[in-house]
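All remarks here apply to the structure that follows.
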Amino acid sequence: MLGAEARQQTDAELVRDSLAGSEAAFGEIVRRYQDLLYRHAERMSGGADDAEDIVQTALIKAHRSLAGCRNPGRVGAWLFRITANVCKDHLKGRRRSRLSLDDVPSLEAEFGDPGDALDRKGIRTRIDLALRRLPLEHREAFVMKHVEGLSYQEMGELLGVSVPALKMRVHRARDGLQELLEDLK
Amino acid sequence: MSEIDPRIQAYLDGELRLEDLPLALRESAEEWDRLLAEVARSAPAGAPAGFDSRVVAAIRKAGPAPGVRNMDPSPDRPAWLDWAIRPRSIRISPIAALGLAAALALVVLRPWTGVDMAPETEPDLLARSVYVQFVVQAEGAESVHLAGDFSEWQPAIALSDPDGDGVWSGRVPLEPGVHEYMFVIDGSEWISDPNAAVSRDDGFGRQNSLLAVTAISGT
């Protein structure tokens, strides 16, 4: 199958053709969802290198489990769930979630006087640093809500967590970010 | 940690409008709007150029995946032969091994609640296989299929309910070892075997049923 044909297929058709051995079909699945997965992984891990490793690992794992994808029409959600799990495993392995505030440089130590002009890169780095200090589940919920723009319902379907529990995680994340990002307001 | 006023949280969740907030809270709510807009704007752009090609190359390098035909199959070899000769391995964690040992004991020592075993053998590929009868109650179902590691997780093994009483069953030759499986109702609903003694999380939020098949001596 040619790549141009793959681009016109539904997700379910691409999964079917991937299972039949079509490299182009799985490549198209990757192209459709790589940006979403990559954004999530980069914002969760705080680094582009980590994000590439995480998403590649997740997609290889997904390919090896593709026969177990029970709703091929929603393969994107399935890939997201796998990526989110790989992300959490990766971060737990690095024990980042257990860093205390004392272990992470303060914003001031990293960037000097918060009154300095903040360029885009500086703001992004501050946000990444602030997110990194949040507990893993709070960070995940905040990123899905405010970076990926998902509704609580969509988040619940992806993570298998109830809407009230997700709301609580997002609220706790905002509480945590309030102090850390005070200088950006 | 200072907590944000719950009314601002509700506003940020889209449950309250700005004009619903007391005047004293509106400025803070608008600050949060600006901050969250900045968070959204600072989102990473996405995967770098060529990332998809690197993923596909890594998958090709990793070799054939279960249930997925080889991306570069031999044109002269039928697919069923590829499947039949593909090496397989069973990984058992130390914790799972305890549960599996219990399941194995159940298979050997007493009739299985949902699965009956009979020592029937056939030549060639099936020489070491044991016929296992799978049974599941699925009243109102139009079809029930079995999927497991032994079918590369394809729901390709149809169970039957000839008398229409909602009890679906089928016999399947399985090699001795530990197998994972699920039933597929009407082609879309995947369920665990309610009678399975042991199950294991499949990593995607569901439970695979576990079955230990042991060779019967003298067969």
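Naming: A, B, ... by sequence-line order, numbering from 1 per chain.
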At under 4.5 Å between heavy atoms, what parts of residues 150-168 of chain A are in contact with chain B? List them by residue number. A/Y152, A/K167
Please determine, among A/R174, A/R39, A/E148, the option with the most heavy-atom pairs under 4.5 Å with chain B. A/R174
Would you compute the distance between atom CD1 of A/I29 and atom CG of B/D52 and round it to the nearest 0.5 angstrom? 12.5 Å
Hey, could you give me the CZ/CG distance between B/F51 and A/L59, rounded to the nearest 0.5 Å? 5.5 Å
Any donor-acceptor pair under 3.5 Å linking the side chain of A/Q34 with the backbone of B/A47? no
Counting heavy-atom pairs under 4.5 angstrom with chain A, the leader among B/L12, B/D13, B/I8 is B/D13
Do B/V39 and A/R43 come within less than 4.5 Å of each other through their side chains, counting heavy atoms only? yes
For the CD atom of B/E3 and the NE2 atom of A/H171, what is their distance to the nearest 0.5 Å? 11.0 Å
Is the closest side-chain donor-acceptor distance between A/Q56 and B/R54 under 3.5 Å? no
Is the closest side-chain heavy-atom distance between A/R70 and B/V184 below 4.5 Å? no
Would you mind checking which part of A/V143 comes under 4.5 Å of any heavy atom in chain B, side chain (CB onward), backbone (N, CA, C, O), both or neither? neither
Could you tell me the separation between the CD1 atom of A/I60 and the CD1 atom of B/I59, rounded to the nearest 0.5 Å? 6.0 Å
Report which part of B/E30 has an atom under 4.5 Å of a heavy atom belonging to chain A: side chain, backbone, both, or neither. neither
Closest heavy-atom pair, A/H146 versus B/L36, reported as atoms and distance to 0.1 Å, is CE1-CD1, 3.4 Å
